[in-house]
Every structure is written in structure tokens, then in C-alpha cells.
Undergrad: 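Below: one structure in C-alpha cells.
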Amino acid sequence: AQRVTQPEKLLSVFKGAPVELKCNYSYSGSPELFWYVQYSRQRLQLLLRHISRESIKGFTADLNKGETSFHLKKPFAQEEDSAMYYCALSNAGKSTFGDGTTLTVKP
Amino acid sequence: ETGVTQSPTHLIKTRGQQVTLRCSSQSGHNTVSWYQQALGQGPQFIFQYYREEENGRGNFPPRFSGLQFPNYSSELNVNALELDDSALYLCASSGQGTGDFSYNEQFFGPGTRLTVL
């Protein structure tokens with residue numbers, strides 16, 4: 001069965017500090033992994049996906065198959081990064097989301 | 001380009017009733033997924049439709065059913081409502097891609113808040 005775990009419900013950092021949002025998954029094959037973000041009063045939207053290997057808004061995420069992790073990182077957090085972040089796994093038409101981490105970046 | 005829309009915004013039903021939620025996919029998208037999001041939890045996958053056929057299903061009972069129409073809009077039907085069905089129901093559409101749906105970005109609607117009393 002597919003499972004995604006985000007161990008931190010809440011994460012608070014100061015502006016300019018590094019931030020890492022953890023995501024662990026369980027899946028026996030080679031899944032596709034995503035990070036979605038939901039800003040206050042906005043819809044859930046894609047932040048980045050593993051296959052693109054891109055950096056969006058300064059965020060990166062590396063797939064570690066050995067540790068089955070897909071942690072989201074940003075070297076210098078900004079106040080506008082405050083939002084709810086969801087890690088998601090997708091395979092063959094089925095998507096599994098974690099329960100999310102609320103990131104608060106304090107001034 | 002029109003984004004994903006859902007109707008109604010809010011809905012109140014009583015236990016045992018039936019409900020139909022509607023979703024219009026983003027222009028050019030032919031795949032629709034439905035999710036249930038309870039308070040404090042992430043979206044839980046209900047099912048996905050591709051070209052009017054169910055393409056994948058999560059761990060939801062048969063009283064959760066769906067339809068996709070030729071214009072790729074979709075409905076989620078829930079029969080015999082239970083109190084635990086109270087949640088935000090999200091619809092997401094995505095493009096066809098290469099036929100492997102795993103890579104596709106999903107575009108979410110604003111959701112329908114269902115309350116079952």
C-alpha cells in the first residue's frame with residue numbers, strides 16, 4: 001500500500017533561516033513524488049515534482065530511495081513561504097497525500 | 001484558460017440522504033480526480049476518471065460513485081450519508097500526458113464543504 005508520512009504538523013522558523021519539511025513514503029515500486037502548497041485562502045497548487053528536478057521559489061527536493069524520503073528544503077526562508085505544504089505520491093492513477101506541515105516564517 | 005470549478009460551495013445534508021457534487025475540469029484536461037479532506041488531514045484519494053471511465057480508486061466504499069461526461073466534467077455521488085462523510089471534497093483535473101498519469105500536475109478546485117447532520 002502507498003503511504004506518505006509528514007512527521008511535523010507544525011514548523012516555525014525565522015526569516016532567513018534554512019527550512020526543511022520532511023516527507024517519507026512507503027511504496028515498493030518507483031513512485032512519482034510531488035510537493036503541493038496551499039497559501040492562505042488559496043487553492044492547493046503544485047510547488048514542484050520529482051521528475052522535473054527543478055527549483056521553484058527557491059525550494060528543492062531530492063528523492064532518496066534508500067531512505068524513502070523526499071524532503072523539501074530552502075536555504076533562506078521568506079515570510080511569504082508561510083503556508084501548508086503537502087507531500088504526495090502518485091502511481092497508476094492513484095495519488096496519496098500526507099497530512100501536511102504548516103510552515104510559519106516569523107519576521 | 002478556465003480553472004477548475006466546483007459546485008456547490010457549501011452543502012448541508014442529513015444522515016441517510018444522498019448528495020451529488022459537481023466539478024468542471026480545466027480547459028484541455030481530460031482526467032479528473034476526487035478527494036475527501038477531513039479537518040486536519042491531507043486529501044484522501046477517492047477515485048480518478050479518464051475519458052469517462054474510472055481509472056483508479058482509493059479505499060472508499062461503493063456508496064461513493066462517480067461519473068465523467070463527454071466534456072470531461074464530473075460528478076461525485078455519495079449515497080446513504082454518514083456523519084463521518086462531513087468533509088471538504090476536492091476535485092482536481094490534469095492533462096492526458098503520455099497515458100501514464102503519474103507525472104501529471106493536478107489542478108485543484110476550491111472544494112465543496114459537505115456537512116452531514
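So you know, we letter chains A, B, ... as the sequences are listed, proteins then strands, and number each from 1.
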Undergrad: Any chance you could measure A/S95, atom OG, to B/Q44, atom CD, to the nearest 0.5 Å?
TA: 11.5 Å

Undergrad: Could you please state which residues from residues 108-117 of chain B sit under 4.5 angstrom from chain A, measuring non-hydrogen atom to non-hydrogen atom, sorted by number, or 'none'?
TA: B/F108, B/G109, B/P110

Undergrad: Is it the case that more than 12 heavy atoms not belonging to A/Y39 sit under 6.0 Å from its OH atom?
TA: yes

Undergrad: Are side-chain N/O atoms of A/Y86 and B/Q37 paired as donor and acceptor at under 3.5 Å?
TA: yes

Undergrad: Please identify each residue that fulfils side-chain contact (heavy atoms from CB on, under 4.5 Å) with A/T60, with sequence neighbours left out.
TA: A/S55, A/K73

Undergrad: Decide yes or no for A/F97 and B/Y35: does some side-chain heavy atom of the first lie under 4.5 Å from some side-chain heavy atom of the second?
TA: yes

Undergrad: Report yes if the side chains of B/E105 and A/L48 come closer than 4.5 Å at any heavy-atom pair, otherwise no.
TA: no

Undergrad: Should we say atom CZ of B/R63 is surrounded by more than 12 heavy atoms from elsewhere, each under 6.0 Å from it?
TA: yes

Undergrad: Answer yes or no: does atom CG of B/N71 have more than 12 heavy-atom neighbours from other residues, nucleotides or ligands under 6.0 Å?
TA: yes

Undergrad: To the closest 0.5 Å, what do you measure between CG (B/N55) and NZ (A/K94)?
TA: 12.5 Å

Undergrad: As an exercise, state the distance from CZ of A/R43 to CZ of B/F107, rounded to the nearest 0.5 Å.
TA: 11.5 Å

Undergrad: Are B/Q106 and A/L44 packed together at the side-chain level, in the sense that at least one heavy-atom pair is separated by less than 4.5 angstrom?
TA: no

Undergrad: Counting only heavy atoms not in A/K106, do more than 12 sit closer than 6.0 Å to its NZ atom?
TA: yes

